[in-house]
Amino acid sequence: MQVELRAYTGLEKFFGARHGEKLMVDIDANTTISDVLKRYGIPPAQVSAALVDGRHRALDYCLQPGERVALFPPVGGG
Amino acid sequence: MRLTPDQAQRYDRNIRVPGLGVEGQKKLLCSSALIVGVGGLGSPAALYLAAAGIGRLGIADSDVVSLSNLQRQILHFTPDIGKPKTLSARDKLTALNPDCEIVMHTYAVTEDNAAQVIAGYDIVIDATDNFPSRFILNKACLALGKAFIHAAVLSMSGRAMTVLPYSSACLRCVFRQLPAPHVPSTSELGVFGAIPGLIASIQVTEAVKYLLGQGELLTNRMLIYDGMSMCFELVEVLRDPDCPDCGQPSMIKRGCNYD
């Protein structure tokens, strides 16, 4: 099973991708967003929001095959 | 109302834009916007809205101009150091366009006063520099049914999203928690001055489209910009029924403290 992973604003560097570049990630049943972060060494504190198919999900959300995961770091300046 | 000959000349390049025209210009002159924060985002946003001929522009900021502001906060000049940002901004904006009434709110917009400040405006532009203020604005705009144009910047990147209350995804449909305290901010990672200029220009374009009822708004999608790779990405964002601010009424907590 696979999910699509995209990361933005610096988080993409953890898996050597370009900004917003799609990465296909193999997952097992019961793989959570946290598990994916762990796999790529992304500190959870650096993930301000995780969207799955456009909807906010907590990091303990169990991913389903084919879902699109988007990760955003905290960007708060003005 | 009729445009004066001076106004017809001043706004000539606006009026020629398809979808704007004389009627659009009149509508802008009768519209109002509140910009919360007159810093990196707020400076260019205020300049473009005033120049465009918005009738009334509220500017809210409790801060004073400092030397480290000047590489990006383009409303403030070297002799303004130490002045309240609202005062410094008002002087430039009034000089730019006397048609635009500038209303200064020289205090912090808080959970206690947000609704009162926002109520007098057609639209709210997020030019703040912190998540707690953004959460307060998001919630107050939902309560009052005001359109809210969110943006944020850091280093060489930025993002923007338009919120139409209870119709499109709101800020807290995406961002639930305040960032951890040790997460780097602009004071650590910096922000290149042109980045807020670019993102604020997007906010103003959204605001004018909303006020004129033109075009497709940046709703249910978030624009993410990365200056280093010069990539603009649009990310789908959906309303969340469990959103603490705009979700089902039973899920909405009252009186949240964001401090």
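Letters A, B, ... are given to chains in the order of the sequence lines, protein chains preceding strands, and every chain is numbered from 1.
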**Q** Do L142(B) and Y166(B) touch side chain to side chain, with heavy atoms closer than 4.5 Å?
**A**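 Heavy-atom side-chain distance check passes, below 4.5 Å.
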**Q** Is it the case that more than 12 heavy atoms not belonging to F192(B) sit under 6.0 Å from its CZ atom?
**A**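 No, CZ of F192(B) has 12 or fewer neighbouring heavy atoms, counting only those of other groups under 6.0 Å.
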**Q** Against chain A, label V191(B) side chain, backbone, both or neither, depending on which of its atoms sit under 4.5 Å from a heavy atom there.
**A**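 Contact with chain A involves no heavy atom of V191(B) at all.
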**Q** Go through the steps to decide whether L93(B) and L49(B) satisfy the test side-chain contact (heavy atoms from CB on, under 4.5 Å), and finish with yes or no.
**A** CA-CA 9 Å; L93(B) 297 168; L49(B) 276 172; over 6 Å; no
**Q** For chain B, find which of A45(A), G76(A), A49(A) contributes the most heavy-atom pairs closer than 4.5 angstrom.
**A** G76(A)
**Q** Taking K92(B) for the side chain and L75(B) for the main chain, is one N or O donor matched with an acceptor at less than 3.5 Å?
**A**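 Side chain of K92(B) to backbone of L75(B): a pair is present.
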**Q** Starting from the C-alpha separation in whole Å, work towards a yes-or-no answer on side-chain contact (heavy atoms from CB on, under 4.5 Å) for V174(B) and M161(B).
**A** CA-CA 11 Å; V174(B) 186; M161(B) 182 175 95; 4.2 Å; yes
**Q** Considering residues, nucleotides and ligands other than M1(A), do more than 12 of their heavy atoms fall under 6.0 Å from its CE?
**A**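 Enclosed.
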**Q** Just by distance, which donor-acceptor pairs between chain B and chain A come in under 3.5 Å?
**A**
from	atom 1	to	atom 2	distance (Å)
G40(B)	N	G78(A)	O	2.9
L41(B)	N	G78(A)	O	2.8
N130(B)	N	G76(A)	O	3.4
R134(B)	NH1	G76(A)	O	2.6
R134(B)	NH2	G77(A)	O	3.1
V153(B)	N	G77(A)	O	2.9
V153(B)	O	G77(A)	N	2.9
R159(B)	NH1	V75(A)	O	3.3
R159(B)	NH2	V75(A)	O	3.0
E236(B)	OE1	R68(A)	NH2	3.0
L238(B)	N	G54(A)	O	2.7
D240(B)	OD1	R55(A)	NH2	2.8

**Q** At a heavy-atom separation under 4.5 Å, does M156(B) approach chain A through its side chain, its backbone, both, or neither?
**A** neither
**Q** Is the shortest side-chain heavy-atom distance between V52(A) and I33(A) below 4.5 Å?
**A**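 Side-chain contact under 4.5 Å: yes.
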